[in-house]
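Before I ask anything, let me first share the structure, which is written out below as structure tokens.
Sequence lines set the chain letters: A, B, ... in the order given, protein chains first and strands last, and positions in each chain run from 1. These numbers come from the heavy atoms of this one structure, side chains and all, not from hydrogens, waters or symmetry mates.
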Amino acid sequence: MTRIDDKFATLRAEGRKAFVAYIMAGDPDYDRSLEIMKGLPGAGVDVIELGMPFTDPMADGPTIQLAGQRALAGGQTLQKTLDMVTEFRKGDTETPIVLMGYYNPIYSRGVDTFLADATKAGIDGLIVVDLPPEEDDELCIPAARAGINFIRLATPTTDDKRLPKVLENTSGFVYYVSITGITGAAEAQADTVAPEVARIKSQTDLPVIVGFGIKSPDTAQAIAGVADGCVVGSAIVSEIASGKPVAQILDIVRGLAEGAHRA
Amino acid sequence: MADDLFNSFMNGPDEKGRFGDFGGRFVSETLMPLILSLQEEYDRAKTDPTFWAEMDDLWEHYVGRPSPLYYAERLTQHLGGAKIYMKRDELNHTGAHKINNVLGQILLARRMGKKRIIAETGAGQHGVATATVCAKFGLQCVVYMGKHDVERQAPNVFRMRLLGAEVIPVTSGRGTLKDAMNDALRDWVTNVADTFYCIGTVAGPHPYPAMVRDFQSIIGKEVRTQLATQEGEGRLPDTVIAAIGGGSNAMGLFYPFLDDPTVNIIGVEAGGKGVDEKMEHCASLTGGRPGVLHGNRTYLLQDDDGQILEGFSISAGLDYPGIGPEHAWLHDTGRAQYVSITDKEALEAFQLCCAMEGIIPALEPSHALAHVAKIAPDLPADHIIVMNMCGRGDKDVQTVANFLGFDMSDTEGRKAD
């Protein structure tokens, strides 16, 4: 049982939906990023997705890409991202943390070293966009062995024939991508997402969380209403980009979380 | 080697798209079903004689294949050693080898019913080839090109627009070829239903590296036949040399010779300002280490944290921080040798080729030629070198003029102050 499993068990028992918030580690700088991260649970965030900056984020739109560039320009590294989690864990041992990003920085560090460091820092799950099930031997299987959930993306192009393969080594939860496209693009539609979530749930007992294209409390509510929860990323990151004070950013997060929790 | 199938260098990739540890399918889930269906379609086409009959017809009548294998007599005499042949792929329609591959991919796209073609381009040669074939078949064409490359390759940008393509200058990241590839992938992931991604080099997720290699292998196959005709039955080249950005022209020349142990294979990377710690070059094999980018594992220019570095080369076509995975494997197995040539050396070879052979080469093959000029003098007269003249230099004259300090608007041909 990871913190993710515990969290979803609790949410399920309480009949509540999950609100997952994404921020980019090191954006706009290390200190403010850590301050925002520390404030997320108090703003109603159930699971934190922490972006690992990468120079070539092929599945992300401009908002997340620019956040990564800001973080890298500020000297953020994978080590500093792990340090952030270590710092966070000094004050919070319960909120699940999922690292999200691309494979090369992990591969560059070495998979075994990375998994050992991630475990030590208190990371619970990984979402690595460019590792489909066809490459499970790279990181997915070693992560599971190390007790870290490997959360897979399922997409509108994942047909019924392929779905079992996608679900096979997934743990923690399934992240359903609401649209074909990049992060921060078109608005997610609850009526098209609902049957897709049902399709996935017919093949797995894992919670299904929906992300991409959720920008407002109302959409968060609508999407969370047809799934086990929702993820908001670009909408939060663009507020961070605008230079708002941390308290104000956390208020916006609180609004989104309340939307999801109303569902 | 050729007698032992188990030790063949021509069996790759395996079913996972790997050449040794390199290659693979490192793409997001949204794209995975697309590349699987592309692989199925390619596997069908590969063994379908009607597919190859159509390719052969277009290669002959539209592209102008076979391209000549030309004995560069004056250059040979000037260098005073090995006998130098040039494979004249710069004489292809659109002026480079790129169209060999584009035709194959567009025929596949037609078989798959895709109406919208996207491509990335660096120097613009692949973009021009794609725009050309799309015009011929009446397909919508969108080309992603780094903003920096749009500026330094203006004639090719206009050519693409004349051919009806939409050219999108890429400003994300740092606006170079790798960013153009990122944006093409973002387009593809957004427009999955109707769009075919026509990749211009032997990189990307499986099956692209193998597929592009197969389409480009016409180069090496022709060399085999032509050399036998020109030099006598069974005569193979002693050395084959080609320039490498992603590595498609090189793979096309090398592949048919991989299992001929007497053939020395040399790939030439862009050394930019010199392969040193300043990293102002594009020599992924010489100055990089293995990593994962754009769907495959290969040698990459990267920092200690696994962040991708920008390459640097005078040649926009070589300006890419990675290299095709099959080259990475050939490098590690030792079957091929990889060297680097600086901007300065390439420019000297460019001018030498103009003066000695009346051929204005592109800056890309000028790198290969520069290495020929280095090794030929020390080789015996019966040593045959075949270098791939993979593109013509019209697109580069402005860059060369700037570098050499000429003002092209000066009617007396004087150097600028």
Can you find a pair of side-chain heavy atoms, one from A:Phe54 and one from B:Ile308, that are under 4.5 Å apart? yes

In the structure I gave you, are the side-chain heavy atoms of B:Val189 and A:Ile182 within less than 4.5 Å of one another anywhere? yes

Side-chain heavy atoms of B:Lys16 within contact of A:Glu134, under 4.5 Å: no

Could you tell me which of A:Thr155, A:Asn104, A:Leu153 has the largest number of non-hydrogen atom pairs under 4.5 Å with chain B? A:Asn104

Are any side-chain N or O atoms of A:Thr157 and backbone N or O atoms of B:Thr30, one a donor and one an acceptor, separated by less than 3.5 Å? yes

Pick from A:Ala154, A:Pro57, A:Ala59, A:Gly61: which one has the most heavy-atom pairs with chain B under 4.5 Å? A:Pro57

Among A:Gln69, A:Lys161, A:Arg109, who wins on heavy-atom pairs under 4.5 Å with chain B? A:Gln69

Supply the atom-to-atom distance A:Tyr175 OH to B:Glu29 CD, rounded to the nearest 0.5 angstrom. 14.0 Å

Is A:Ile179 in contact with chain B via its backbone, its side chain, both, or neither, using a 4.5 Å heavy-atom distance? neither

Tell me whether A:Lys215 at atom NZ has more than 12 heavy atoms from other residues, nucleotides or ligands lying less than 6.0 Å away. yes

Is A:Arg162 close to chain B through its backbone or its side chain, or both, or neither, when contacts mean heavy atoms under 4.5 Å? side chain

Main chain of A:Leu78, side chain of B:Asp305: is a donor-acceptor contact present, judged purely on distance under 3.5 Å? yes

Might you work through the side chain to side chain contact (heavy atoms under 4.5 Å, CB included) test for B:Val27 and A:Val129, ending with a clear yes or no? CA-CA 7 Å; B:Val27 295; A:Val129 180; over 6 Å; no

Derivation and outcome, salt bridge (Lys or Arg N to Asp or Glu O under 4.0 Å), residues B:Arg18 and A:Glu138: CA-CA 13 Å; B:Arg18 298 292 182 93; A:Glu138 296 282 334; 2.9 Å; yes

Please classify the contact between B:Pro290 and chain A as side chain, backbone, both or neither, with a heavy-atom cut-off of under 4.5 Å. both

Pick from A:Thr158, A:Thr180, A:Asp159 with the largest number of heavy-atom pairs that fall under 4.5 Å of chain B: A:Thr180

Side chain, backbone, both or neither: which part of A:Tyr103 has an atom under 4.5 Å from a heavy atom of chain B? side chain

To the closest 0.5 Å, what do you measure between OG (B:Ser172) and CG (A:Asp56)? 9.0 Å

Best-contacting candidate, B:Thr190, B:Val192, B:Leu36, against chain A by heavy atom pairs under 4.5 angstrom: B:Thr190

Considering the options B:Asn182, B:Asp183, B:Leu31, which one meets the side chain to side chain contact (heavy atoms under 4.5 Å, CB included) requirement together with A:Met58? B:Asn182

Interface moiety of B:Asp304 toward chain A, non-hydrogen atoms closer than 4.5 Å: backbone

Determine, for B:Arg297 against A:Glu135, whether the closest basic-nitrogen to carboxylate-oxygen distance falls under 4.0 angstrom. no

Counting neighbours of CG on A:Asp191 that are heavy atoms of other residues, nucleotides or ligands and sit closer than 6.0 Å, is the number greater than 12? yes

With a 4.5 Å heavy-atom cut-off, do A:Leu72 and B:Gln307 have their side chains touching? yes

With a 4.5 Å cut-off on heavy-atom pairs, point out which of A:Asp60, A:Leu66, A:Val166, A:Ile106 contacts chain B the most. A:Asp60

Quick check on the interface: out of A:Pro133, A:Ala186, A:Ser108, who has the most heavy-atom pairs with chain B under 4.5 Å? A:Ser108

